[in-house]
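To start, the structure itself, in structure tokens.
All values below were derived from every heavy atom in this structure, side-chain atoms included, with hydrogens, water molecules and symmetry-related copies excluded. Note that the structure is predicted; figures quoted are calculated from it, not measured.
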Amino acid sequence: TKALAIAIDGPAAAGKSTVAKRVAHQLSYIYIDTGAMYRSLTLKALTEETDLDNEDQLADLLQRTAIVLSQSEDGQHVFLDGEDVSLDIRTNEVTSHVSFVAKHRKVREEMVKRQQDLVKERGVVMDGRDIGTHVIPDAEVKIFMIASVEERAERRHKENTEKGFDSDLEQLKMEIRKRDEIDSKRETAPLVKAKDAIEVDTTSLSIGEVVNKIVTIVHQKE
Ligand code: C5P
């Protein structure tokens, strides 16, 4: 069998990272979470009180920022300038600001460059918003994962509640809609299904079913 590149794109909270991680595990591929990179820059920008509307300042900040994704036994870790920020990049504060950082062209150009450097070899599953359209346009497998806003919000709500976090279902719906809108309407590399992507609606599928579907598609291409 031949090692491939698998691009998984789709709107917020559609289950991309959960599925991508499992697919990577089953195939012994590397998983790369590009959202974590935008989240890390956002965390740093918020900490340093950088103006999120200032494209040049953000691009400059990114030049001075090291983001390392690493995989270990206990899952994926994200290091921002050497510090483990795996949890800090998942706060509501970061989530509600990340799309404003990610919409700038100069920020995206640098991120895409870094992401492409991580795909020098095949055998990767990468998830994000522009992977099939910009980061790996020649990926052998492209998946566009969707689910209704209600379903996505409910999954996130259940996840939060189980972790003992405060969670408001209506607020989650609003946040998801808002993020999708900014990501879909931005000028540079908006969230859009690549022409050759396979759409997978996960609204009424379990995680296992989605994983199997994708692994089956991969096996057909190997
Ligand atoms: O996937 P995740 O929800 O962690 O992504 C956070 C945000 O990062 C997205 O809402 C989007 O604004 C941005 N993003 C992006 N392009 C990617 C990955 C994430 O613009 N490839």
Side-chain angles (χ1 to χ4, degrees), residues 1-39 67-78 86 89-90 102 108 111-149 151-152 155-156 158-159 176 179-180 183-184 189-222:
T1 60
K2 146 177 134 219
L4 312 177
I6 304 170
I8 301 184
D9 290 300
K16 297 183 301 292
S17 69
T18 308
V19 166
K21 252 179 242 168
R22 293 218 196 168
V23 169
H25 183 75
Q26 277 202 23
L27 299 168
S28 299
Y29 280 17
I30 289 171
Y31 165 59
I32 303 169
D33 174 359
T34 63
M37 299 172 69
Y38 290 97
R39 286 172 179 273
I67 301 166
V68 176
L69 306 176
S70 86
Q71 293 179 92
S72 67
E73 293 284 292
D74 60 333
Q76 142 126 10
H77 285 264
V78 185
S86 310
I89 60 170
R90 306 285 161 198
R108 304 201 65 83
M111 288 293 195
V112 170
K113 213 186 294 164
R114 294 187 189 192
Q115 289 154 8
Q116 288 174 339
D117 279 340
L118 299 172
V119 201
K120 283 282 143 64
E121 282 169 40
R122 284 332 208 200
V124 297
V125 183
M126 191 178 255
D127 79 346
R129 303 291 185 287
D130 61 339
I131 312 305
T133 52
H134 289 85
V135 181
I136 328 177
D138 58 346
E140 287 82 3
V141 175
K142 296 184 188 178
I143 305 291
F144 197 74
M145 223 153 94
I146 58 163
S148 70
V149 172
E151 176 67 20
R152 289 185 275 147
R155 286 181 193 159
R156 202 38 66 90
K158 192 161 166 256
E159 218 175 85
I176 287 171
R179 202 140 61 93
D180 286 352
D183 291 345
S184 306
L191 167 66
V192 61
K193 177 178 166 292
K195 278 200 198 77
D196 50 349
I198 299 168
E199 186 168 288
V200 177
D201 186 340
T202 74
T203 305
S204 53
L205 298 178
S206 69
I207 294 167
E209 285 170 327
V210 180
V211 171
N212 287 343
K213 211 176 205 162
I214 296 174
V215 170
T216 305
I217 294 169
V218 172
H219 287 325
Q220 286 163 355
K221 300 262 184 178
E222 281 171 339

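In this structure, Ile89 and Tyr38 have side chains that are not in contact, with every pair of non-hydrogen atoms separated by 4.5 Å or more. Within the 4.5 Å cutoff, no side-chain heavy atoms of Val210 are placed close to those of Ile143. Proximity of Ile32 to Ile131: side-chain heavy atoms (C-beta onward) are nowhere separated by under 4.5 Å. Side chains of Thr216 and Gln220 form a contact here, defined as non-hydrogen atoms less than 4.5 Å apart.
Smallest separation of non-hydrogen atoms from Glu199 and Ile146: OE2-CD1, 3.4 Å. When all heavy atoms of Ala147 and Thr203 are compared, the closest pair comes out as CA-OG1, 3.3 Å. Contact record, Lys142 with Gly132: NZ-O, 2.9 Å, taken as the closest heavy-atom pair. Pairing each heavy atom of Phe144 with each of Leu191, the nearest pair is CE1-CD1, 3.8 Å. Of all heavy-atom pairs spanning Arg179 and Ala12, the tightest one is NH2-CB, 3.4 Å. Nearest heavy atoms, Glu209 versus Ser204: OE1-O, 4.2 Å.
Counting only distance, with no hydrogens or angles, the side chain of Tyr29 and the backbone of Leu4 share a donor-acceptor pair below 3.5 Å. Side-chain atoms of Arg108 come within 3.5 Å of backbone N or O of Ala102 as a donor-acceptor pair. Here the side chain of Thr133 pairs no donor or acceptor atom with the backbone of Ala194 at under 3.5 angstrom.
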One pair to check against side chain to side chain contact (heavy atoms under 4.5 Å, CB included): Thr202 and Glu151. What are the steps and the verdict?
CA-CA 9 Å; Thr202 74; Glu151 176 67 20; 5.8 Å; no

Report the C-alpha separation of Tyr31 and Leu69 in whole Å, then their side-chain angles, then the decisive distance to 0.1 Å, and conclude whether the side chain to side chain contact (heavy atoms under 4.5 Å, CB included) test is met.
CA-CA 9 Å; Tyr31 165 59; Leu69 306 176; over 6 Å; no

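Contacts classified as side chain to side chain donor-acceptor pair (under 3.5 Å) and involving residues 7-27 (residues at least two apart or in different chains) are not found.
To the nearest 0.5 Å, the span separating CE on Met145 from CG on Leu205 amounts to 9.5 Å. Between Ile214 atom CD1 and Ile6 atom CD1 the span is 8.0 Å, to the nearest 0.5 Å. To the nearest 0.5 angstrom, Thr34 atom OG1 is 10.5 Å from Arg39 atom CZ. In this structure, CD in Gln115 is found 4.5 Å from CE in Met37, a value given to the nearest 0.5 Å. Atom CG of residue Asn212 and atom CD1 of residue Ile207 lie 12.0 Å apart, to the nearest 0.5 angstrom.
Between Asp33 and Arg90 there is a salt bridge, since at least one side-chain N of the basic residue sits less than 4.0 Å from a carboxylate O of the acidic one. A salt bridge is defined here as a Lys NZ or Arg NE, NH1 or NH2 lying under 4.0 Å from an Asp or Glu carboxylate O, and Lys2 with Glu140 fails to meet this definition. In this structure, Arg129 does not pair ionically with Asp180, as no charged nitrogen and carboxylate oxygen lie closer than 4.0 Å.
Surrounding NZ of Lys213 are at most 12 heavy atoms belonging to other residues, nucleotides or ligands under 6.0 Å away. Heavy-atom neighbours of Ile30 CD1 from other residues, nucleotides or ligands within 6.0 Å: at or below the threshold of 12.
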